K.L.:
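This structure is in structure tokens; I'll ask about it shortly.
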Amino acid sequence: MKTTLLLLSMLFGLCACSRASERRAYAEQIAEAHAAADRASSAEELRAAGHGLERAFEQEPQGKTATTLPLRQDLADRIARLHLRLDEPAEALTWARRGLAENGDPTVLRGGLLITEADALEALGQRDEARTALMAALEINQTLLNVELENP
Amino acid sequence: MSDELLDPPLTPAEQAELAELEALLEAKNHFELSAGARKQGLADLLGQLERPKVRKLSRRPSAVVWWSLPLAAAVILAWLVPLGPERAPVSPRASALMEAQNAHLTARLTGAPLPREELDRVQAEYRHDLLASLEADR
């Protein structure tokens, strides 16, 4: 009986360590991808950084959804902004919308993605749609600020 | 002793009235507590007045038991039933990002100069917080 308990506790310990290392690797991959994007200045570097961010986005999320979901939205936003810097608004729009599809809740990152979507639409000459996206971002922003004022 | 000092014997009418009164007095006892019961009740009341805490304590456990059962059931149910997606972690940087977004949107919609760099900087700090909380989730 004691041996079984010992084996079970060792098994649980191994599982916990394995999950912790997976989370650590996931967090490191995201952090490195963002660091590469921070350093990038030439078109080639920007493109390489974009690929690194895309690989991080395609990874299976490791950790709590409450943390990984905003991280994924932030990744999509960063990829979209890199495409805007590379003068690729269509790709930027695709990535902004992928980020928006991740979570429909009115969050601060959704607001950011709507701003990026507006930038991409504006670059594509779709000014009315861009303004609509900006107004949606403003609505979310106002809602969040009101909630914060009510619950400081 | 003369017969003048003694009451004259009761007439049948007086005897009938007395019998009626006696019957009424007996009936009264049916509607009143006995002297023993009144004494016991008074002693109980005085005892409760003198020991209010003891009385309170003696009644509380039954109430606690009856209220704690549904409370415990609610806690267990809340623990067992999934409550949908987890809420996003609240970060002080999220507030800063909201404010930076607000400044950016206001500038954008009013045609003022755009503080995009500031928005990027605050978003990078928020990202740093998210990565730190992913580490803390372990």
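Keep in mind that this is a model prediction, so the values were computed, not measured. So that the names make sense, note that chain A is the first sequence line, chain B the second, and so on, each numbered from 1.
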K.L.:
Counting only non-hydrogen atoms closer than 4.5 Å, does A:Glu122 touch chain B with its backbone (N, CA, C, O), its side chain (CB onward), both, or neither?
P.N.:
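Side chain only.
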
K.L.:
Find out if a path of hydrophobic residues (ILVMFWY) with successive side-chain heavy-atom gaps under 4.5 Å connects A:Ile140 to B:Tyr126.
P.N.:
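Looking at the clustering, B:Tyr126 is in the same group as A:Ile140.
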
K.L.:
Can you find a pair of side-chain heavy atoms, one from A:Leu109 and one from B:Leu130, that are under 4.5 Å apart?
P.N.:
yes

K.L.:
Side chain from CB out, backbone as N, CA, C, O: work out which of these in A:Asp77 comes under 4.5 Å of a heavy atom of chain B, or both, or neither.
P.N.:
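Just the side chain, heavy atoms under 4.5 Å.
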
K.L.:
Rounded to the nearest 0.5 Å, what separates atom OG1 in A:Thr143 from atom CE in B:Met98?
P.N.:
10.5 Å

K.L.:
Look at atom CG of A:Asn146 and say whether more than 12 heavy atoms of other residues, nucleotides or ligands are closer to it than 6.0 Å.
P.N.:
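More than 12 within 6.0 Å, yes.
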
K.L.:
With a 4.5 Å heavy-atom cut-off, do B:Arg116 and A:Arg81 have their side chains touching?
P.N.:
yes

K.L.:
Looking at A:Gln142, is its backbone amide N or carbonyl O close enough to the side chain of B:Asn102 to form a donor-acceptor pair, meaning the two atoms are under 3.5 Å apart?
P.N.:
no

K.L.:
Check the hydrophobic clustering (I, L, V, M, F, W, Y; side-chain heavy atoms under 4.5 Å; chains of links allowed) and say if A:Leu84 and A:Leu75 are grouped together.
P.N.:
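In one cluster: no.
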
K.L.:
Please tell me whether A:Leu113 and B:Leu119 are part of a single hydrophobic cluster in this structure, the criterion being side-chain heavy atoms less than 4.5 Å apart.
P.N.:
yes

K.L.:
What pair of heavy atoms forms the shortest contact from A:Gln62 to B:Leu134, and how long is it?
P.N.:
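That would be O-CD1, 3.3 Å.
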
K.L.:
Got a sec: does the CD of B:Glu14 have more than 12 other heavy atoms crowding it under 6.0 Å?
P.N.:
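More than 12 within 6.0 Å, yes.
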
K.L.:
Compare all side-chain heavy atoms of A:Ile115 with those of B:Arg108 and state whether any distance is below 4.5 angstrom.
P.N.:
yes

K.L.:
Establish whether A:Leu86 and A:Leu121 are linked, either directly or via other cluster members, by ILVMFWY side-chain heavy-atom contacts under 4.5 Å.
P.N.:
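No, separate clusters.
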
K.L.:
Just verifying a value: how many Å separate B:Glu99 CD and A:Leu144 CG, rounded to the nearest 0.5 Å?
P.N.:
11.5 Å

K.L.:
Taking side chain to side chain contact (heavy atoms under 4.5 Å, CB included) as the criterion, tell me which of A:Asp74, A:Thr67, A:Leu71 meets it with B:Leu131.
P.N.:
A:Leu71

K.L.:
Around atom CZ of A:Arg127, are there more than 12 heavy atoms of other residues, nucleotides or ligands at under 6.0 Å?
P.N.:
no

K.L.:
Cluster question for you: counting only ILVMFWY and a side-chain heavy-atom cut-off of under 4.5 Å, with indirect links fine, are A:Ile79 and A:Leu46 together?
P.N.:
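Yes; tracing contacts between hydrophobic side chains, which count when under 4.5 Å, links both residues.
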
K.L.:
Which of residues 128-135 of chain A get closer than 4.5 angstrom to chain B, counting heavy atoms alone?
P.N.:
A:Arg131, A:Leu134, A:Met135

K.L.:
Should we count CD of A:Glu58 as having more than 12 external heavy atoms under 6.0 Å?
P.N.:
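Count over threshold, so yes.
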
